[in-house]
Amino acid sequence: MREVTDSSPIPKKRLGIIRDEHLTLASLLLAGLAVRLWLVPKGAYLPDAVQFKIWGEQLASTSLASFYRMADPPTDYLPGYLYLLAATEHLRAQIDGPISMLGAYIPWLKAAPIVADMVVGAGVYLLGRRFASSRRSLVATALVIFNPGVIFVSAVWGQVDSVGFAPAMLSLVALVNGNPIPAAILGGVAFVVKPQYSLFLAVAGISYLRAESLRLPPLNTLDAKGVWGRWVLWRLALPIVALVATLQLLLLPLSVSLWPGPNVAWTLRS
């Protein structure tokens with residue numbers, strides 16, 4: 001029997017509601033961005049700002065593979081944020097020139113955390129729309145975007161927290177939308193910035209797999225083995241491969257690896 005699909009256009013009233021909802025979301029994000037830009041000149045956590053500036057300059061002037069051995073002061077940051085510092089310094093040098101005072105560098109330092117705040121806010125909205133009304137999703141977004149602690153950490157202190165949380169949030173959004181492979185890739189990106197965020201992603205991943213497995217047929221039913229085999233491949237095996245590959249690809253340029261190997265300065269196990 002051929003499946004009948006509803007191809008009728010979305011009513012104009014509904015289109016207007018969607019448009020207003022997206023306009024409200026954009027307004028919230030722009031207002032949150034404006035508040036942060038206003039706060040950018042208000043200061044920074046100087047000990048970290050000085051270190052980030054030095055590391056960025058060293059990353060831009062030396063090979064990534066030798067950075068951990070040559071870093072002064074030494075760093076225990078994983079490669080994720082170091083890539084961002086290197087990119088920030090390369091871009092800053094192209095625009096501002098080769099020499100930068102700390103005061104001129106601080107706005108560059110805060111740029112990525114501020115953008116990441118906006119990504120987190122959008123992720124909260126997308127996650128909320130899976131389970132709640134548009135109004136509640138927008139309220140949740142506003143509570144995150146205008147949270148004083150979130151604003152202070154990125155726009156005043158210039159810390160890295162939201163940079164790691166942004167891909168973690170997008171990973172969670174991908175997971176609840178039934179896309180485990182993109183979720184695994186984004187989770188790997190989040191891990192190499194801030195490994196702490198992998199803890200809540202692990203809980204979410206286990207919950208997702210449990211919910212998915214409950215919808216599978218019992219193994220003693222017809223064709224159950226084939227259904228389970230496809231599920232294990234696409235929902236478990238390939239996401240794990242994607243996660244491991246993402247981690248390894250992001251670690252290796254800085255001579256870091258998941259396991260010992262040639263030209264590896266250190267591994268995550270040591």
Side-chain angles (χ1 to χ4, degrees), residues 36 44-45 47-56 59 64 67-68 71 73-89 106 108-124 126-127 144-145 147-176 180 182-208 239-240 242-258 265-270:
R36 286 162 172 80
Y45 184 63
D48 279 358
V50 171
Q51 285 193 340
F52 293 156
K53 180 178 184 296
I54 294 172
W55 290 336
L59 284 160
L64 294 178
F67 172 74
Y68 278 110
T75 178
D76 57 358
Y77 277 70
L78 284 179
Y81 188 53
L82 299 179
Y83 286 124
L84 194 54
L85 287 177
T88 298
E89 176 57 24
I106 286 176
W108 287 97
L109 176 66
K110 295 180 180 182
I114 289 174
V115 172
D117 279 356
M118 302 301 103
V119 174
V120 171
V124 168
L126 293 172
L127 187 62
V144 171
I145 290 295
N147 184 301
V150 175
I151 295 173
F152 184 83
V153 168
S154 62
V156 179
W157 270 22
Q159 294 296 297
V160 65
D161 301 78
S162 61
V163 175
F165 193 68
M169 175 59 70
L170 295 180
S171 174
L172 188 58
V173 171
L175 192 63
V176 300
I185 294 171
L186 289 164
V189 174
F191 181 91
V192 297
V193 180
K194 278 272 189 176
Q196 299 91 319
Y197 297 132
S198 63
L199 297 177
F200 93 88
L201 285 177
V203 174
I206 292 170
S207 299
Y208 168 79
I240 291 175
L243 174 62
V244 172
T246 299
L247 291 173
Q248 190 69 353
L249 287 173
L250 291 175
L251 293 173
L252 277 178
L254 277 94
S255 298
V256 185
S257 176
L258 295 173
W266 55 279
T267 70
L268 294 187
R269 296 168 52 188
S270 60

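Note: hydrogens, waters and symmetry copies are ignored here, and every other heavy atom, side chains too, is used. Since the structure is predicted, the reported quantities are computational estimates derived from the model, not experimental observations.
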About how many Å separate CG of Leu170 and CD1 of Ile185, when rounded to the nearest 0.5 Å?
-> 12.5 Å
Does Ser171 reach the main-chain N or O of Leu186 with its side chain, forming a donor-acceptor pair under 3.5 Å?
-> no
Okay, side chain of Trp157, backbone of Asp48: is any donor-acceptor separation there less than 3.5 Å?
-> no
Are Ser154 and Gln159 close enough, and set up right, to give a side chain to side chain donor-acceptor pair (under 3.5 Å), and what steps lead you there?
-> CA-CA 5 Å; Ser154 62; Gln159 294 296 297; over 6 Å; no
Do Tyr45 and Val156 have side chains that get closer than 4.5 Å, going by heavy atoms?
-> no
Nearest non-hydrogen partners of Ala44 and Ile106, listed with the distance | CB-CD1, 3.7 Å
To the nearest 0.5 Å, tell me how far Leu172 CG sits from Phe165 CZ.
-> 8.0 Å
Okay, side chain of Tyr81, backbone of Gly164: is any donor-acceptor separation there less than 3.5 Å?
-> no
Report yes if the side chains of Tyr68 and Ser255 come closer than 4.5 Å at any heavy-atom pair, otherwise no.
-> no
For Phe191, which of Leu251, Leu201, Leu78 qualifies under side chain to side chain contact (heavy atoms under 4.5 Å, CB included)?
-> Leu78
CH2 of Trp55 to CG of Leu85: how many Å apart, nearest 0.5 Å?
-> 8.0 Å
Step by step, work out the side-chain contact (heavy atoms from CB on, under 4.5 Å) result for Leu109 and Lys53.
-> CA-CA 8 Å; Leu109 176 66; Lys53 180 178 184 296; over 6 Å; no
Shortest non-hydrogen separation from Lys194 to Asp161 and the atoms involved = NZ-OD2, 4.0 Å
Minimal heavy-atom distance between Met169 and Val124, with the atoms involved, is CE-CG2, 3.8 Å
Tyr83 side-chain N/O to Leu250 backbone N/O, donor-acceptor pair under 3.5 Å | yes
How many angstroms lie between CG in Leu84 and CD in Glu89, if you round to the nearest 0.5 Å?
-> 12.0 Å
Donor-acceptor pair, Lys110 side chain versus Gly158 backbone, under 3.5 Å?
-> no
So which heavy atom on Val144 is nearest to which on Arg36, and how close?
-> O-NH2, 4.3 Å
Between the main-chain N or O of Pro113 and the side-chain N or O of Ser162, is there a donor-acceptor pair closer than 3.5 Å?
-> yes
When rounded to the nearest 0.5 angstrom, what distance separates CG in Leu59 from CZ in Phe67?
-> 4.0 Å
Nearest-0.5 Å distance, CG of residue Leu258 to OG1 of residue Thr267 | 8.5 Å
Val256 and Trp266: CA distance, side-chain angles, deciding distance, side-chain contact (heavy atoms from CB on, under 4.5 Å) verdict = CA-CA 5 Å; Val256 185; Trp266 55 279; 3.7 Å; yes
Expected output: side-chain Gln248 to main-chain Ser257 donor-acceptor under 3.5 Å = no
Residue pair Ala184 / Ala242: nearest heavy atoms and the distance that separates them = CB-CB, 4.3 Å
How far apart are the closest heavy atoms of Val192 and Leu247, and which atoms are they?
-> CG1-CD2, 3.8 Å
